[in-house]
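Contents: one structure, followed by commentary.
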Amino acid sequence: MATQRASAATRETYGRTLLTLADDHPDIVVLGGDLNVSTFVHLWRDQYPERFFDFGPAEQNIVGVAAGLAAAGKVPFVSTFSVFGTGRPYDQLRVLISQPSLNVKLVCTHAGILTGEDGMSAHGIEDLSLMCALPSFTVITPADAPETEQAVRAIASTKGPVYVRLPRAATQIVHDNGYKFEIGTADLRKPGSDVAIVAMGSLVAPALDAADSLAGQGIDARVVNLHTLAPADEAAIIAAAQETGAIVTAEEHYVHGGLGSVVAGVLARNCPVPVEMVALYGYTSSGPANELMEKNGLTAAGVEAAVHRALKRKS
Amino acid sequence: MSARIIIPFYIAGDVLAAVNQPLQTVEEMRATSLQLRRDSLEMIYGAGSGHPGGSLSEIDILVALYFGVMRYDAADPAWPDRDRFILSKGHASPGFYTTLSMAGYFGREELSSYRKTDGLLQGHAHPMTPGVEMNSGSLGMGLSFALGHALAARLDGKDYRVFALLGDGECQEGEVWEAAMSAAHHRATNLTAIVDRNRIQNDRFTDEVMTLEPLADRWRDFGWNVITCDGHEHVEVLRALETASEGGPTAIIANTVKGKGVSFMENNPAFHGRAPNAEEYEAALKELA
């Protein structure tokens, strides 16, 4: 039985949090590409029009202008959909922002497959792989609204390029008011010693539900929220492997280059243990978001099945 | 913080921009251009690779900018009030590096570190080098980056100018026109684009690869003022840059000759991206004496 939790759209949290930063961070400017209502930066546009620039759907130019603004001392927040903000201007992100390590914050919404009905081209399932391949970028996937708020505050005060990945749909709230987010430090959601589920974004709540179900079967599962994929908290990943002996990763992203790949890389270099990966194994079609998650096994049941597979492989 | 030094600059009775030092007369600029052409070829010959054609075509434009128009303090490359120069055609770095060295950003001895491991001067211009604003090497990006600086000037209430030097082949990149459209929309009056119109790109003549004409009309249609000039006549370039300061965005189409100054490199696509051999290098230096 899944825990009942409140839900909230993290992109709205993003737009509202930005407003609260305007006075203390006079160098913040916001750049958009004709998707400003969807990304919620229209709130900023309407309140701070002189600190907002729309470029239409011309993502190469948006990223290039952001780099120039950053070089001149501004703190540009760039927001569009993840499919348009990462793949389309990838060379600009690489040459103009990552290589000189400029202080640009790329906060993209509509990532993953929760864009549902819009279909394959709207499903952002490659963005983490792309962004983790840019050495200077910090890559963050908040799980819920409280984590999004703290992440947005944190990146505004931290120098260097950052990518933040947000979905369209509301996600379940798994953090209470006492939660303290820290860039690059994994968030231990639940201790456990038999197996560790390392989850991210929309899969953190299903991972917690799976852990509850597993507890009823006498299996003590740890749940780690790896909100920061780059730089990854290697110590937390290694400790999870050493202390449990089996790892399940869970992400709403293509299996190559995302959370599973990062965790497997850390483990292969330090502490090899069996790893099962709950992820997308290819493109998926149009459909309601919950049906697509179900169809692709991105559910508590999918995580639970992966835990059983991992435990079987444990020596 | 060094104060801006204002020196009226006279050519044939006209007052040009208030500029920084080191300031040069047109006669001195001609000598400087010749020196920088020799130095650029020495760098490329020493490295065994590089792009001579576009360096030789751009040098008179750079000399006019750095010794006639721009305000900067070479001892303080990050001076917030400096005019910005953005080399978008980043492969033509030797002409840029020799100009920066002459302007005082780093010593002449650094020129031999071009393309060398742990050297100061990267193959394509990178901001690790004093005086270089933007990382480069992938075409089409410089005008967007320059627009970012131009908008920052407005936000900060500063009066600095922003210059971006583009290759003509580079104008085949779509991002150039995204940037052009948005610079006009956002009224970036302090932005000047200069197109080094040498009519040759990597493989062959621009007209053979992709038609660029009517290039001036295309900039005009995107909402820009357009000035055409001879990119090798310092006086013409200076006048164009001065006129551009009256309110932009302004595009200067500078008609140039690829490989300018060396007979066998001029209008020769082969020297877009290859170093001269020993014999060619000796012959080139004789012509540039």
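Naming: A, B, ... by sequence-line order, numbering from 1 per chain. Excluded from the calculations below are hydrogen atoms, water molecules and symmetry mates; all remaining heavy atoms, backbone and side chain alike, are included.
- Interface residue H126(B): only side-chain heavy atoms are found under 4.5 Å from chain A.
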**OP:** Evaluate the ring pair (Phe, Tyr, Trp, His ring centres under 6.0 Å) criterion for residues Y72(B) and F85(B): first the C-alpha distance (whole Å), next the side-chain angles of each, then the deciding distance (0.1 Å), finally the verdict.
**Re:** CA-CA 10 Å; Y72(B) 55 90; F85(B) 172 77; over 10 Å; no

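- Proximity of L139(B) to H91(B): side-chain heavy atoms (C-beta onward) are separated by under 4.5 Å at one or more points.
- Both the backbone and the side chain of M141(B) come within contact range of chain A, with heavy atoms under 4.5 Å apart.
- For the pair E251(A) and R165(A), the salt-bridge criterion is not met [side-chain N within less than 4.0 Å of a carboxylate O].
- For E50(A), the part lying near chain B is the backbone, with the side chain staying farther off; criterion is any non-hydrogen pair under 4.5 Å.
- Contact check on D221(B) versus R218(B) returns no salt bridge, with no Lys/Arg side-chain nitrogen under 4.0 Å from an Asp/Glu carboxylate oxygen.
- Ranked by heavy-atom pairs under 4.5 Å with chain B, the list P76(A), G64(A), A66(A) is led by G64(A).
- By number of non-hydrogen pairs under 4.5 angstrom with chain A, the leading residue of H185(B), H186(B), M134(B) is H186(B).
- For L102(A), the part lying under 4.5 angstrom from a heavy atom of chain B is the side chain only.
- Salt bridge D83(B)/R161(B): absent, no basic N to carboxylate O contact under 4.0 Å.
- The side chain to side chain contact (heavy atoms under 4.5 Å, CB included) test with T228(A) singles out one residue from V162(A), T138(A), V139(A), and that residue is T138(A).
- The parts of H149(B) that come within reach of chain A are both its backbone and its side chain, each placing non-hydrogen atoms under 4.5 angstrom from that chain.
- Among N61(A), D54(A), L96(A), the residue with the largest count of heavy-atom pairs under 4.5 Å with chain B is N61(A).
- The aromatic rings of Y97(B) and Y114(B) stand perpendicular to each other, their planes meeting at an angle above 60°, with 30° marking the opposite boundary.
- Neither the backbone nor the side chain of V63(A) comes within less than 4.5 Å of any heavy atom in chain B.
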